[in-house]
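Reviewing the structure listed below.
Hydrogens, waters and symmetry mates are skipped; everything else that's a heavy atom, side chains included, is used.
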Amino acid sequence: MRDVVILGSTGSIGTQALDVVARHRDELRVRALSAYGSRLDLLLSQVERFSPEALAVSDPAAALEMEKLLKDRGLSTRVVGGESSLALIAGEWSGAVVLNGVNGGLGLDATLAALRCGARLALANKESLVVGGALVKQAQRYPGQVVPVDSEHSAIAQALASGVHERGMCAERVTGRTQVHEIMLTASGGPFRGRTRAQLRDVTVEQALAHPTWNMGPVVTINSSTLVNKGLELIEASLLFDVDPRSIVPVVHPQSIVHSGVTWRDGATVLQASPPDMRLPIALGLTWPERLGDVATPCDFLSASSWTFEPVDDKTFPAIVLARYAVASSDTHPAVFNAANEAMVDAFLAGRTSYLSIVDTVERVLTEHEGISSPSLDDVAEVQKWAKRRAGEWMAKEC
C-alpha cells in the first residue's frame with residue numbers, strides 16, 4: 001500500500017489523480033489533500049470519499065469554513081489553513097508519495113518541503129524547477145527522488161530508463177551522458193498552429209482557451225497556446241535530466257500520441273506513445289517504477305492512423321527560444337521568465353492586455369534581468385516580485 005499526498009486536489013491534475021486512486025484503493029491510500037479553497041463543495045466531497053488525515057486550505061477564510069463543514073458532518077480530518085499550510089502538509093509525510101499538482105510558482109515551497117522530509121515527489125508543478133531549480137537540486141536527498149508527471153517529462157524518463165540496466169531517470173546515469181545525442185520534446189502546437197503573427201493580433205481569451213487536445217486549467221491552456229508551456233518544459237527537462245538546453249529539440253506533433261523521446265548517440269530513437277490521457281503519467285508518478293493496471297485505454301495499432309512531426313515556428317512563437325536563453329543565462333532567469341508570464345497571462349485573462357503582448361513583455365523583462373548565481377529562497381522571491389512589477393510597468397506603457 002502506497003501512501004499518497006495530493007497537493008492541488010481540486011485542480012485538473014488533482015482530480016485525475018484521485019480518479020486513479022479510486023480505481024486502485026487496494027494499492028493507493030490518500031493521507032492528505034490540499035487546495036486553495038475556491039471549490040469547497042468539491043473539496044468536501046473528496047474528503048468524504050477518501051478520508052484523508054489532514055487537509056491544507058491556503059485561503060484562511062475557506063479553511064475556517066471547511067473546518068465548520070467537516071465538524072457538521074462529524075468528520076475528523078485535521079485542517080491547516082493559510083499560505084504556509086501547503087508546505088506544512090507536503091513536509092509531514094516522509095514515507096509517502098507527494099504529488100505536487102499546484103499551479104504556478106506557489107508550488108516551490110511545497111516541493112522543497114517534500115524533498116527535505118525525504119518523501120518521493122511526483123512533480124506536476126513544473127514551475128518548482130523553473131523558479132527554484134538550484135534550490136530543488138540542493139534539497140534532493142537521494143537519486144530519483146523527483147519523478148516527473150508532465151506527460152513529456154514522464155515520456156523522457158521512460159525513454160532514458162530503457163537505456164540503462166537500473167531504473168534511473170537522469171541522463172548522467174545512462175552510462176555516461178555521451179550516450180544521449182538529443183532529447184525530443186513534443187508539442188501539440190496549440191490552437192493556433194500554422195498561423196502567422198499577424199493572424200494572432202486579435203486573438204480573444206475564448207479562442208486561446210480552446211485547446212485541440214488537452215483539458216487543462218486556464219493558465220496552462222493559455223501557456224500552451226503561446227508555447228510558453230513548452231518553454232517551461234524545456235527548462236524543466238534541462239534541470240531535471242541535467243542536459244544542455246541546446247540538446248533538447250522541441251517538435252510539433254499535433255496528434256499528441258508521442259509524448260517525447262530520446263535519441264541515442266548510435267542514431268536509435270526511443271519514443272513513448274500513449275493516448276492523450278494525463279492519468280497515465282500521473283499513475284506512473286505515484287508508483288514509479290511499477291505500473292498500475294487499468295489506467296487508460298492503450299493505442300489501437302490495428303486501426304489505421306497517421307502521426308506527423310514538424311518544426312516549431314520560432315518567429316511566430318518565440319517563447320521556446322526565450323526559455324532556452326533563460327536556462328542558459330543564470331539560476332534566476334527562468335524564475336523571471338515564469339513570473340513575468342504569470343503576470344501577463346493574468347492580465348490577458350482579465351482583458352487588460354493583448355494576446356501578443358504576453359510573450360513580447362516576457363522578452364522585455366527577461367532581457368533586463370542581470371541574474372543571480374546560487375540564489376537563496378528570498379532571492380528567488382524578490383526576483384519574481386521584480387519580474388511581475390516590471391511586466392506591469394511595461395504593460396502600462398502600452399496603454
Is a side-chain N or O of [X] found less than 3.5 angstrom from the main chain of [Y], in a donor-acceptor match?
| X | Y | answer |
| --- | --- | --- |
| S9 | I6 | no |
| E342 | N338 | no |
| R120 | L99 | no |
| S162 | A159 | yes |
| N223 | V228 | no |
| D19 | Q16 | no |
| H181 | G267 | no |
| R279 | A296 | no |
| T186 | V258 | yes |
| Q158 | S154 | yes |

Short N-O contact, [X] and [Y], less than 4.0 angstrom:
| X | Y | value |
| --- | --- | --- |
| E92 | R78 | yes |
| D313 | K315 | no |
| E368 | R390 | yes |
| E53 | R31 | yes |
| K230 | E152 | yes |

**Message:** Is there a path of hydrophobic side-chain contacts, each under 4.5 Å between heavy atoms of I/L/V/M/F/W/Y residues, joining F309 to L227?
**Reply:**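 In one cluster: no.
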
**Prompt:** Should V219 and L7 be regarded as members of a common hydrophobic cluster, given that ILVMFWY residues are connected when their side-chain heavy atoms come within less than 4.5 Å of each other, either directly or indirectly?
**Reply:**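 Yes, it is one cluster - the side chains of V219 and L7 are joined through contacts under 4.5 Å.
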
**Partner of I89 by side chain to side chain contact (heavy atoms under 4.5 Å, CB included), out of L55, V80, V57, L33** =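 Filter result, single survivor: V80.
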
**Prompt:** For the side chain to side chain contact (heavy atoms under 4.5 Å, CB included) test, which of D360, L366, V362 pairs with R364?
**Reply:**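 For R364, the side chain to side chain contact (heavy atoms under 4.5 Å, CB included) check succeeds only for D360.
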
**Results of side-chain contact (heavy atoms from CB on, under 4.5 Å) for D72 - residues two or more places apart only** =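 D72 satisfies side-chain contact (heavy atoms from CB on, under 4.5 Å) with K68 once adjacent residues are dropped.
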
**Request:** Mind checking side-chain contact (heavy atoms from CB on, under 4.5 Å) for S374 and listing every partner two or more places apart, or none if nothing turns up?
**Result:**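 D331.
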
**Partner residues of Q140 under the side-chain hydrogen bond (donor to acceptor under 3.5 Å, both in side chains) criterion, sequence neighbours left out** =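 With sequence neighbours excluded, Q140 shows a side-chain hydrogen bond (donor to acceptor under 3.5 Å, both in side chains) to no residue whatsoever.
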
**Item:** For E65, all residues meeting side-chain hydrogen bond (donor to acceptor under 3.5 Å, both in side chains), sequence neighbours excluded
**Value:**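 Listed in chain order: nothing, the list is empty.
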
**Message:** If you count heavy atoms of other groups shown closer than 6.0 angstrom to CG of D300, is the number above 12?
**Reply:**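 Above 12, so yes.
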
**Request:** Check the surroundings of atom CG in D41: do more than 12 heavy atoms from other residues, nucleotides or ligands lie under 6.0 Å from it?
**Result:**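 Incorrect, the count does not exceed 12.
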
**Message:** For a side-chain hydrogen bond (donor to acceptor under 3.5 Å, both in side chains) check, start with the C-alpha distance between H153 and S260, then their side-chain angles and the critical distance, and finish with the verdict.
**Reply:** CA-CA 7 Å; H153 301 88; S260 283; over 6 Å; no

**Request:** May I ask you to check whether T353 and S357 show a side-chain donor-acceptor distance below 3.5 Å?
**Result:**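 Distance-only check passes for T353 and S357.
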
**Request:** Please determine, by modelled atom types, if T111 and N100 share a side-chain donor-acceptor pair under 3.5 angstrom.
**Result:**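 Note: T111 and N100 side chains meet the donor-acceptor criterion.
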
**Message:** Listing request: all ring pair (Phe, Tyr, Trp, His ring centres under 6.0 Å) pairs with a residue in residues 322-356, at least two apart in sequence or in separate chains.
**Reply:**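 Listed once each, the pairs are F192-Y355, Y325-H333, H333-H369, F348-Y355.
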
**Pairwise ring pair (Phe, Tyr, Trp, His ring centres under 6.0 Å) hits with a residue in residues 9-63, at least two apart** =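 The answer is none; no pair qualifies.
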
**Candidate pair M66 and L43, rule side-chain contact (heavy atoms from CB on, under 4.5 Å), full reasoning** = CA-CA 9 Å; M66 180 56 68; L43 187 57; 3.7 Å; yes

**Item:** Steps toward side-chain contact (heavy atoms from CB on, under 4.5 Å) verdict (Q46, T15)
**Value:** CA-CA 9 Å; Q46 291 175 345; T15 53; 3.9 Å; yes

**Message:** Ignoring hydrogens, what is the shortest heavy-atom contact between Q272 and S151? Give both atom names and the distance.
**Reply:**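 Minimum heavy-atom separation between Q272 and S151: OE1-O, 4.5 Å.
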
**Message:** Please find the pair of heavy atoms, one from A273 and one from C299, that lie closest to each other, and give the distance.
**Reply:**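 Minimum heavy-atom separation between A273 and C299: C-SG, 4.4 Å.
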
